[in-house]
Amino acid sequence: MAFFETLLILLFVAILLLQVTRRFAVPYPTMLAVAGVVIALLPWAPHIVIQPELALALFIAPALLDSAFDLPPRELRRHWRPLVALAGIAVVLTTAAVAWTAVALQGLPVAAAVALGAIVAPPDAAAAAAMLARADIPRRMISVLKGESLLNDGVALLIFAAAVTIATSDKPAIHVLPELAFAVPGGILLGIAIGATLAWMMRWMYGTVSATLLGFVATFGAWILAEHLHLSAILCVVALGMTIAHFLPALTPPRDRVSTYAVWEAVVFLLNVLAFFLMGLQASEIISRLNPSELSEACGFAAIVFAVVVAVRFAWVILYMRTSAFVKSRRGKKGVYSNAQAVLVSWCGMRGLVTLATALSLPGTFPERDLIVLSAFAVVLGTLVVQGLTLRPLIRLLSFPPDSSFAKELLAARVQLIDAAVTSMADRNDAAATRLRELYDEERKIAEAGKHPRDVSEYDALRRQNIAAKRAKLAELRHSGAIDDDVFHALELELDWAELAASSPDHVELVES
């Protein structure tokens with residue numbers, strides 16, 4: 001019961017802090033990190049032990065599927081060079097640098113040092129991308145960061161799994177590597193098979209709560225099944241997410257899509273809160289077990305790991321982007337990346353959920369587990385506070401030129417959708433078609449002016465005014481007892497959908513995550 005009470009308090013604090021993030025444009029993991037530390041230091045904070053296998057499945061599987069669903073394969077093909085540099089080479093370089101530091105300064109076994117490097121290597125670019133999406137910066141940077149947030153998790157988790165397997169296995173490393181090599185393609189094929197099966201089953205479940213629940217069952221089930229078959233659970237879930245992203249959007253009814261997206265956003269946010277809370281508790285327990293000299297040494301090492309992580313990303317990103325610009329200029333092409341873009345991407349290295357979950361998943365008997373967990377938490381806290389709080393001022397300082405490509409592409413597509421709707425009524429001349437043509441003509445003029453039709457349309461403004469009047473009357477009927485609650489809720493739902501249809505998406509967007 002103590003855990004549940006503390007979790008409720010943390011959730012309440014997180015909800016309050018979200019209002020701060022909305023007002024001052026601070027990434028919400030930064031606030032969660034601070035809240036997790038504060039609540040974990042409370043004297044009545046409970047002692048909680050989570051199974052290592054559960055930590056990865058519970059925290060990583062939904063986050064991976066959420067990222068994979070939003071990243072189409074064409075984005076990977078379009079930006080494959082920077083993605084390989086950021087999600088592949090950067091993760092390997094960071095892992096190697098941290099591992100060398102751990103062996104040289106603390107004498108960690110090589111496998112344990114590599115595990116530490118893999119834990120702190122993947123940046124949580126999703127938090128940065130969510131914030132950057134509201135800034136006036138090149139869209140290419142946002143696309144690359146979103147792709148990195150998925151792929152660097154996969155690369156780091158594969159290295160982590162190999163290091164843990166080698167460190168905890170009695171077999172020589174040479175015997176473990178073939179099993180890992182088989183696990184990669186096997187996990188991808190299993191994820192594709194589960195995704196295709198899920199898309200087929202969903203046809204009969206839309207319009208029910210079962211459709212949303214089945215998505216969670218499939219996600220966690222894919223991870224667990226892959227683990228039982230000794231395949232890569234990470235790549236299995238990634239393949240599952242990309243597969244259903246290809247099939248489901250065309251099949252999903254609007255109400256199911258709205259409901260499912262809202263549920264997934266809430267679940268991923270809740271898991272972030274729980275992960276920061278559990279990591280804070282573990283860090284507090286570790287600190288309480290260390291004497292002052294050991295604690296001072298551990299904190300000093302954690303600070304060095306934090307510095308190495310930041311320095312390696314900064315150096316590699318600057319080197320890659322400047323080299324890429326130089327090569328293109330030698331070929332007579334305009335450089336893709338400016339110095340300002342290189343600095344900003346290198347600073348978007350905040351660590352988050354994946355680092356927390358992988359640290360929590362270390363077995364209790366893992367070599368130097370306490371030092372690794374404490375270092376991981378220090379890296380997460382340091383990057384979220386130092387880089388997270390300075391990201392917005394850095395964007396203002398770099399003064400990027402405006403990028404209007406998103407607005408132009410959105411405008412052109414919106415006009416084409418309106419034209420398609422008008423064309424579909426070409427063979428009709430009745431009163432209903434005439435009214436719709438007049439409405440679409442008005443919307444087309446508004447769209448061509450660069451505005452959202454429902455923002456300035458007098459028709460939609462009048463609809464919203466009428467809906468407000470209906471809501472007031474509905475509340476009056478309920479309070480007077482003229483209608484029962486079941487009738488009230490049925491009509492309330494109808495008004496909700498009508499208001500959504502008459503409102504601009506900007507007015508109903510969930511912006512916390």
Parallel, tilted or perpendicular: ring planes of Phe220 versus Phe216, cut at 30 and 60 degrees: parallel
Test side-chain contact (heavy atoms from CB on, under 4.5 Å) applied to Trp223 and Val237, Leu240, Leu58, the passing residue: Val237
Spatial distance of atom OG1 (Thr423) from atom CE (Met425) [nearest 0.5 Å]: 9.0 Å
Atom CH2 of Trp497 with >12 non-hydrogen neighbours under 6.0 angstrom: yes
Side chain to side chain, Thr355 and Val379, heavy atoms closer than 4.5 Å: no
Value rounded to 0.5 Å, distance of CD in Glu494 from NZ in Lys470: 9.0 Å
Nearest-0.5 Å distance that lies between atom CD1 in Ile192 and atom CD1 in Ile188: 7.0 Å
Arg257 atom CZ: more than 12 heavy-atom contacts under 6.0 Å: yes
Check ion pair Arg471-Asp496 (N to O, under 4.0 angstrom): yes
pair Pro123-Arg351: side-chain heavy atoms closer than 4.5 Å: yes
Carboxylate-amine/guanidinium contact Arg444 Asp441, below 4.0 Å: no
Residue pair Trp347 / Thr390, side-chain heavy-atom distance below 4.5 Å: yes
Interatomic spacing from CG in Asn466 to CZ in Arg463 - rounded to 0.5 Å: 9.5 Å
Non-neighbouring partners of Trp264 that pass side-chain hydrogen bond (donor to acceptor under 3.5 Å, both in side chains), sequence neighbours left out: none
Point-to-point distance, once rounded to the nearest 0.5 Å, from CG of Asn152 to CG of Leu157: 9.0 Å
Side-chain touch Leu474/Ile483, heavy atoms, less than 4.5 angstrom: yes
Check: Leu158 and Leu235 side chains under 4.5 Å, non-hydrogen atoms: yes
Close side-chain approach of Asp256 to Thr212, heavy-atom, < 4.5 Å: no
Lys445 bridged to Glu448 by N-O distance under 4.0 Å: no
Non-hydrogen side-chain atoms of Cys348 and Gln387 separated by less than 4.5 Å: no
Thr94 and Trp316: side chain donor to acceptor below 3.5 Å: no
Within residues 188-204 or reaching into it, pairs that qualify as salt bridge (Lys or Arg N to Asp or Glu O under 4.0 Å) - sequence neighbours excluded: none
Heavy-atom side-chain proximity of Leu271 to Pro62 below 4.5 angstrom: yes
